[in-house]
**Student:** 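Just dropping this structure here.
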Amino acid sequence: MPRIRKGPNRYWSKDEKLRIIKRVVIDGESARQVALNEDISSGMLKNWIKKYLLNGEDSLENKRKPGNPLIKYSRRKELTPLEQLEYENMKLRIENERLKKGYMMKGDGSVVIYKK
């Protein structure tokens, strides 16, 4: 019986992951049965168990994604001179990284790829 997906990506805290993993590792329940009961994929549970056994509890911590740093400046109408310089600096860094990767955005939003 396949797992029924409950909407977009669900968040699993470190404590929830640890509770589920301990049911398999300590209590000796089958990973497949625990995955069915908790409504998660068995592959994801196996990955959690593998990380836990190799690196301990700290490996279960969710990684924080950096997001878009430009959004902080692009939504404001008026920027201080320092913020304007920071904004321009970030844009130039992004442009530099794109050039290193071999592609560039045109003014109309299309992408130009430069072959080496």
Side-chain angles (χ1 to χ4, degrees):
M1 180 166 101
R3 181 180 76 84
I4 298 171
R5 190 170 170 140
K6 292 184 177 179
N9 299 332
R10 290 188 292 167
Y11 174 82
W12 296 95
S13 70
K14 178 181 173 181
D15 295 330
E16 290 173 317
K17 290 177 187 179
L18 195 56
R19 177 186 58 80
I20 294 169
I21 289 170
K22 285 184 178 183
R23 286 179 58 189
V24 176
V25 176
I26 295 173
D27 299 341
E29 295 181 48
S30 101
R32 185 173 184 272
Q33 192 59 44
V34 171
L36 284 172
N37 291 343
E38 296 290 339
D39 195 30
I40 61 175
S41 72
S42 58
M44 184 166 61
L45 176 57
K46 289 176 185 177
N47 284 336
W48 289 351
I49 293 170
K50 188 176 174 182
K51 284 181 183 179
Y52 173 74
L53 293 175
L54 289 175
N55 302 316
E57 287 183 24
D58 291 337
S59 65
L60 301 176
E61 196 70 45
N62 291 317
K63 308 270 187 296
R64 177 117 167 92
K65 295 182 182 175
N68 184 352
L70 292 178
I71 208 73
K72 162 173 118 174
Y73 299 113
S74 64
R75 289 192 175 165
R76 294 179 50 197
K77 291 183 181 179
E78 305 230 351
L79 299 174
T80 65
L82 178 61
E83 290 173 333
Q84 288 174 345
L85 289 172
E86 289 174 345
Y87 182 61
E88 185 65 26
N89 188 3
M90 278 190 229
K91 284 183 5 182
L92 291 171
R93 285 176 189 258
I94 291 170
E95 181 180 352
N96 192 20
E97 288 299 316
R98 286 181 177 158
L99 287 169
K100 285 180 185 177
K101 290 180 181 178
Y103 67 92
M104 189 63 197
M105 299 288 285
K106 289 168 99 180
D108 61 358
S110 60
V111 178
V112 178
I113 299 173
Y114 298 100
K115 304 262 180 177
K116 291 183 180 180

**Student:** Atom CH2 in W12, atom CD1 in I20: separation rounded to 0.5 Å?
**Tutor:**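 W12 atom CH2 to I20 atom CD1 measures 4.5 Å (nearest 0.5 Å).
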
**Student:** Measuring from L18:CG to S13:OG, what's the distance to the nearest 0.5 Å?
**Tutor:** 9.5 Å

**Student:** Scan the side chains in residues 47-60 for donor-acceptor partners under 3.5 Å anywhere in the protein, sequence neighbours excluded, and list what turns up.
**Tutor:**
{"residue": "N47", "atom": "ND2", "partner": "G43", "partner atom": "O", "Å": "3.4"}
{"residue": "S59", "atom": "OG", "partner": "K51", "partner atom": "O", "Å": "3.0"}
{"residue": "S59", "atom": "OG", "partner": "G56", "partner atom": "O", "Å": "2.7"}

**Student:** Holding to side chain to side chain donor-acceptor pair (under 3.5 Å), I want the full list of residues that pass it with E38, two or more places apart in sequence or in another chain.
**Tutor:** R19, R23

**Student:** Please report the closest heavy-atom contact between S42 and A35, naming both atoms and the distance.
**Tutor:**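 Scanning both residues, the minimum pair turns out to be CA-CB, 3.8 Å.
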
**Student:** Going by the ring pair (Phe, Tyr, Trp, His ring centres under 6.0 Å) test, which pairs reach into residues 13-46, not counting sequence neighbours?
**Tutor:** none

**Student:** So, using salt bridge (Lys or Arg N to Asp or Glu O under 4.0 Å) as the criterion, who are the partners of E97 when residues are at least two apart?
**Tutor:**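 Applying salt bridge (Lys or Arg N to Asp or Glu O under 4.0 Å) to E97 gives K100.
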
**Student:** What's the spacing between K17 NZ and E61 CD if we round to 0.5 Å?
**Tutor:**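 If I round to the nearest 0.5 Å, the distance is 8.0 Å.
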
**Student:** Would you give me the side-chain donor-acceptor pairs under 3.5 Å for residues 83-94, sequence neighbours excluded?
**Tutor:**
{"residue": "E83", "atom": "OE1", "partner": "R76", "partner atom": "NH1", "Å": "3.4"}
{"residue": "E83", "atom": "OE1", "partner": "R76", "partner atom": "NH2", "Å": "3.1"}
{"residue": "E83", "atom": "OE1", "partner": "T80", "partner atom": "N", "Å": "3.1"}
{"residue": "E83", "atom": "OE1", "partner": "T80", "partner atom": "OG1", "Å": "3.4"}
{"residue": "E83", "atom": "OE2", "partner": "R76", "partner atom": "NH1", "Å": "2.8"}
{"residue": "E86", "atom": "OE1", "partner": "Y73", "partner atom": "OH", "Å": "2.4"}
{"residue": "N89", "atom": "OD1", "partner": "R93", "partner atom": "NE", "Å": "3.3"}

**Student:** With sequence neighbours excluded, tell me which residues meet side chain to side chain donor-acceptor pair (under 3.5 Å) with N37.
**Tutor:** Q33

